[in-house]
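Below is one structure, written out as structure tokens; the observations come after it.
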Amino acid sequence: MERIAVIDFETTGISPGTGCRATEIAAVLVENGRVVDRYQSLMNAGVRVPAFIEQLTGISTAMLRDAPPAGQVMAEMADFVGDAPLVAHNASFDQKFWDAELALIGRERFQPFACSLLLARRLLPDAPNHKLGTLTRWAGLPATGQAHRALADAEMAANLLGHLHEQLTSHYGLPRVSHQLLCELQKVPAAKVGAFLARTADRAWHPVLGMPAAALTVRSRSGRR
DNA sequence: TGCCAGGCCCTCTTTAGGGCCTT
């Protein structure tokens with residue numbers, strides 16, 4: 001899989017549309033299944049952290065007073081991620097905050113988001129539920145630190161992404177998994193996932209030589225040089 | 001004044017309702 005950025009926000013609430021702001025962000029860069037870089041920072045948006053959120057995340061208003069300005073953090077984060085496609089657990093949540101915080105500094109997102117929650121619902125239907133922590137324990141993935149902190153949650157989501165990747169390659173026989181495929185898969189109705197993956201696996205393998213179509217493409221390009 | 005998300009997914013659905021998931 002190409003280089004992908006798995007991100008996670010901690011915020012003061014559930015929606016930027018109701019005045020909620022980000023309090024912490026983290027990104028984990030994954031390349032060929034390995035974590036190659038990390039970014040994490042608290043961010044001061046000049047807001048008060050509600051008591052419920054402080055209890056949930058451990059992030060307090062006092063902690064944010066000493067944090068760098070939210071705009072500075074978002075600019076650094078956008079530069080760190082670059083054009084890598086994004087993944088988050090329940091991406092609709094993180095996407096809203098990503099776009100809202102970037103808009104405040106006059107920037108916008110160009111890359112697509114894939115959602116590990118939607119993918120897990122399709123590929124891990126037997127899990128007791130699809131919360132990030134539950135999936136991590138259920139799949140036997142490593143603990144990454146304090147839950148509900150951005151870096152620990154981003155690393156958990158990255159591990160989950162690796163587990164889903166393994167399911168697609170070992171269980172469903174896909175020779176290659178791209179971010180674009182994940183974006184297509186997360187839109188497929190759950191009842192049709194098996195048929196979709198069977199068609200994808202059939203298309204990905206050369207019908208005569210029994211080789212991954214992607215590998216054939218690479219060899220062909222190399223041969224012309 | 002009081003309230004305040006929203007997309008996905010399932011079902012006792014589709015002219016709807018409610019749980020899940022994120023903070």
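All chains are named by letter (A, B, ...) in the order of the sequence lines, taking the proteins before the strands, and each is independently numbered beginning at 1.
- The shortest heavy-atom contact between Leu132(A) and His89(A) is N-NE2, 3.5 Å.
- If you take atom C1' in dC10(B) and the same atom in dT14(B), they sit 13 Å apart, rounded to whole Å.
- Put simply, His130(A) has no side-chain N or O that comes within less than 4.0 Å of OP1 or OP2 on dC20(B).
- Using a 4.0 Å heavy-atom distance criterion, Phe52(A) is classed as a base contact.
- Classification of the Trp98(A)-Phe113(A) ring pair by plane angle, with boundaries at 30° and 60°, yields perpendicular.
- Applying the ring pair (Phe, Tyr, Trp, His ring centres under 6.0 Å) test to every pair with at least one member in residues 29-54 of chain A, sequence neighbours left out, gives these pairs: Tyr39(A)-Phe80(A).
- Straight-line distance from the CD atom of Glu10(A) to the P atom of dT22(B): 11 Å, rounded to whole Å.
- In this structure, the CD1 atom of Ile7(A) is 13 Å from the C1' atom of dT23(B), given to the nearest Å.
- Under the 4.0 Å criterion applied to side-chain N and carboxylate O atoms, Glu10(A) and Arg149(A) are not assigned as salt-bridge partners.
- Using a 4.0 Å heavy-atom cutoff across all strands shown, Thr57(A) reaches sugar-phosphate atoms only and no base atom.
- A gap of 11 Å separates the C1' atoms of dT23(B) and dA5(B), to the nearest Å.
- Annotation: salt bridge (Lys or Arg N to Asp or Glu O under 4.0 Å) contacts of Arg109(A) (sequence neighbours excluded): Asp99(A).
- Atom CD1 of Ile53(A) is separated from atom C1' of dT22(B) by 10 Å (rounded to the nearest Å).
- Phosphate contact (OP1/OP2 of dT23(B), side-chain N/O of His148(A), threshold under 4.0 Å): present.
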- Task: For each nucleotide in nucleotides 2-9 of chain B, reading 5' to 3', give B when a protein heavy atom comes within less than 4.0 Å of its base, S when such contact involves only the sugar-phosphate, and - otherwise.
- Result: ---B--SS
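- Comparing the P positions of dT13(B) and dG19(B) gives an interatomic distance of 16 Å, to the nearest angstrom.
- In this structure, Gly13(A) reaches the bases: a heavy-atom distance under 4.0 Å links it to at least one base atom across the strands shown.
- When each of Ala191(A) and Leu56(A) is assigned the nucleotide of DNA chain B with its nearest heavy atom, Ala191(A) is the one assigned upstream, toward the 5' end.
- Note on Arg3(A) versus Asp37(A): no salt bridge recorded, every NZ/NE/NH1/NH2 to OD/OE distance being 4.0 Å or above.
- Between the P atom of dC10(B) and the CG atom of Asn129(A) lies a distance of 15 Å, rounded to the nearest Å.
- Distance noted for atom C1' between dC12(B) and dG17(B): 11 Å (whole Å).
- Using modelled atom types, one finds no donor on one side chain facing an acceptor on the other under 3.5 Å when comparing His148(A) with Thr57(A).
- In this entry the distance linking NZ of Lys131(A) with P of dG19(B) reads 14 Å, nearest Å.
- At the heavy-atom level, Asp8(A) lies under 4.0 Å from the strands shown only through sugar-phosphate atoms.
- When the P atom is compared between dC4(B) and dC9(B), the two are found 25 Å apart, to the nearest whole Å.
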